[in-house]
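Lettering follows sequence order; numbering is per chain, from 1.
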2 protein chains.
Amino acid sequence: MNEVENAIEVLKTNGYKFTDKREHILSYFNQENRYITAKEVQQFLKVKYPNISYDTIYRNLYTFVELDIVEETELNGEKLFRLNCSHSGHHHHFICTACGKTKKIEMCPMNFFEGQLNGCQINSHRFEIFGTCEQCALPVK
Amino acid sequence: MNEVENAIEVLKTNGYKFTDKREHILSYFNQENRYITAKEVQQFLKVKYPNISYDTIYRNLYTFVELDIVEETELNGEKLFRLNCSHSGHHHHFICTACGKTKKIEMCPMNFFEGQLNGCQINSHRFEIFGTCEQCALPVK
DNA sequence: CTTTAAAACGGATTCGTTTCGATTTACATT
DNA sequence: AATGTAAATCGAAACGAATCCGTTTTAAAG
């Protein structure tokens with residue numbers, strides 16, 4: 001079972017309906033292995049559904065996030081989404097600011113200092129490294 | 001020399017002018033030891049300068065960021081600013097999502113895995129922990 | 001086939017942020 | 001103290017991402 005089929009399964013078992021649009025959004029995520037914007041999703045869907053509404057895009061994106069199908073971050077005041085790959089364990093990302101591609105970072109730094117924050121309730125954390133990947137790194141020498 | 005005077009010094013040595021508004025923005029930052037929004041800055045300055053423009057707020061905030069007087073982050077699509085405290089060494093923050101207060105985290109996790117990203121050029125990183133501080137933590141028991 | 005709750009439409013609205021021409025101001029120089 | 005000028009500010013408009021809402025369509029259960 002591939003990622004898309006799997007995600008659709010998750011939708012169904014959580015009482016959400018199957019729709020062509022959801023399938024298309026998911027397969028777009030699957031084909032782009034990187035963080036994409038809501039606008040990119042909208043423009044992709046526009047080809048097949050010229051009247052697609054932003055409401056549809058955002059509602060579905062947030063549904064996906066809620067179901068852990070998609071993960072979300074933000075950069076320069078813009079939200080970014082990608083297929084969640086945390087089924088292979090909690091981890092973080094290196095994000096290429098040129099092409100948006102990501103690499104898994106095989107470590108979560110949270111373990112190292114939870115002791116430093118006694119009395120605080122930790123709800124979430126954000127750990128991301130930005131730069132340019134091998135392909136995008138300028139050959140400036 | 002306090003933080004505000006110091007920041008004004010930095011402005012001057014970089015060829016920026018001294019203005020009342022800049023001084024007020026800086027002393028507001030100094031009095032609020034936390035991340036604040038551009039709107040909060042605007043509302044603070046409004047008391048003394050009823051016609052203060054957002055242009056002035058943002059231009060100065062970004063000038064401060066450029067001069068490392070202020071540091072910037074974003075949460076929920078909104079930009080947040082606070083006086084830069086990295087003169088006491090590179091570090092990261094726990095950020096209380098209720099009151100905006102921050103706590104230093106005495107460790108930078110970057111050291112631990114730079115080896116994992118061969119070929120990539122690392123330009124920046126983001127490491128933040130979110131939750132509620134002692135004062136804001138709900139006494140839910 | 002019928003029903004109905006979920007999903008989508010589409011267009012308006014909100015809100016943070018950015019922009020820009022005109023005006024004012026800080027401050028170095030005379 | 002007066003002048004010149006580059007920097008700073010104003011005021012208001014524009015922008016773009018995100019959200020909202022009444023109406024219509026649709027998936028899929030009965």
*Asks:* Hydrogens and angles aside, do B:R82 and B:T102 bring a side-chain donor and acceptor to less than 3.5 Å of each other?
*Replies:* yes
*Asks:* For D:dA6, does the base pair up with any side-chain atom of B:K17 as donor and acceptor (N or O, under 3.5 Å, distance only)?
*Replies:* yes
*Asks:* What is the distance from CG of B:L11 to P of C:dA26, rounded to the nearest Å?
*Replies:* 15 Å
*Asks:* Taking CD from B:E66 and P from D:dA7, how many angstroms apart are they, rounded to a whole number?
*Replies:* 14 Å
*Asks:* Using a 3.5 Å distance criterion without hydrogens, assess whether the side chain of B:E74 forms a donor-acceptor pair with backbone atoms of A:G77.
*Replies:* yes
*Asks:* Roughly, in whole Å, what's the span from CD in B:Q43 to P in C:dC15?
*Replies:* 13 Å
*Asks:* Which one, C:dC27, D:dC10, C:dA7, comes nearest to the side chain of B:F18?
*Replies:* C:dC27
*Asks:* Starting at atom CZ of B:F64, determine the distance to atom C1' of D:dA7, rounded to an integer number of angstrom.
*Replies:* 14 Å
*Asks:* May I ask you to say what A:Y49 touches in the nucleic acid, namely base, sugar-phosphate or nothing, with a heavy-atom cut-off under 4.0 Å?
*Replies:* nothing
*Asks:* Looking at B:K101 and B:E134, is there a salt bridge between them, counting it only when a charged N and a carboxylate O are closer than 4.0 Å?
*Replies:* no
*Asks:* Please classify the nucleic acid contact of B:T19 as base, sugar-phosphate, or nothing, using heavy-atom distances under 4.0 Å.
*Replies:* sugar-phosphate
*Asks:* For a quick test of reading the model: is some side-chain N or O of B:Y54 closer than 4.0 Å to OP1 or OP2 of C:dT17?
*Replies:* no
*Asks:* Could you go through the ring-ring contact (aromatic ring centres under 6.0 Å, His included) check for A:H125 and B:H92 one step at a time?
*Replies:* CA-CA 12 Å; A:H125 63 283; B:H92 295 277; over 10 Å; no
*Asks:* In whole Å, what is the span from the CG atom of B:N14 to the C1' atom of D:dA6?
*Replies:* 16 Å
*Asks:* Rounded off to whole Å, could you give me the CD1-to-P distance for the A:I8 and D:dA27 pair?
*Replies:* 13 Å
*Asks:* Can you tell me how far P of D:dA12 sits from CD of B:Q42, to the nearest Å?
*Replies:* 14 Å
*Asks:* OP1 or OP2 of D:dC10 sitting under 4.0 Å from any side-chain N/O of B:N51?
*Replies:* no
*Asks:* Would you say the ring centroid of B:H93 lies under 6.0 angstrom from that of B:F127?
*Replies:* no
*Asks:* In whole angstrom, give the distance that lies between atom CD of B:E23 and atom C1' of D:dA8.
*Replies:* 16 Å
*Asks:* Answer yes or no: does a side-chain N or O of B:K21 lie under 4.0 Å from OP1 or OP2 of C:dT25?
*Replies:* no
*Asks:* Mapping B:Y58 and B:D20 onto DNA chain C by nearest heavy atom, which one lands closer to the 5' end?
*Replies:* B:Y58
*Asks:* Is A:R59 near enough to C:dA7 that one of its side-chain N or O atoms lies under 4.0 angstrom from OP1 or OP2?
*Replies:* no
*Asks:* Would you classify A:D55 as touching base, sugar-phosphate or nothing, given that sugar-phosphate means primed atoms plus P, OP1 and OP2, and contacts are heavy atoms under 4.0 Å?
*Replies:* base
*Asks:* What is the nucleic acid contact for A:R22, judged by heavy atoms within less than 4.0 Å: base, sugar-phosphate only, or nothing?
*Replies:* sugar-phosphate
*Asks:* B:N84 side chain to B:I69 main-chain N or O, any donor-acceptor pair under 3.5 Å?
*Replies:* no
*Asks:* Pick the closest DNA chain D nucleotide for B:S53 and for B:G15 by heavy atoms, then say which residue is nearer the 5' end.
*Replies:* B:G15
*Asks:* Among the nucleotides C:dC27, C:dC9, C:dG16, which one has an atom lying closest to any side-chain atom of B:K12?
*Replies:* C:dC27
*Asks:* So which nucleotide from D:dC10, D:dA8, D:dG11 ends up closest to the side chain of B:I52?
*Replies:* D:dC10
*Asks:* Is the phosphate of D:dA18 approached by B:N76 (side-chain N or O, under 4.0 Å from OP1 or OP2)?
*Replies:* no
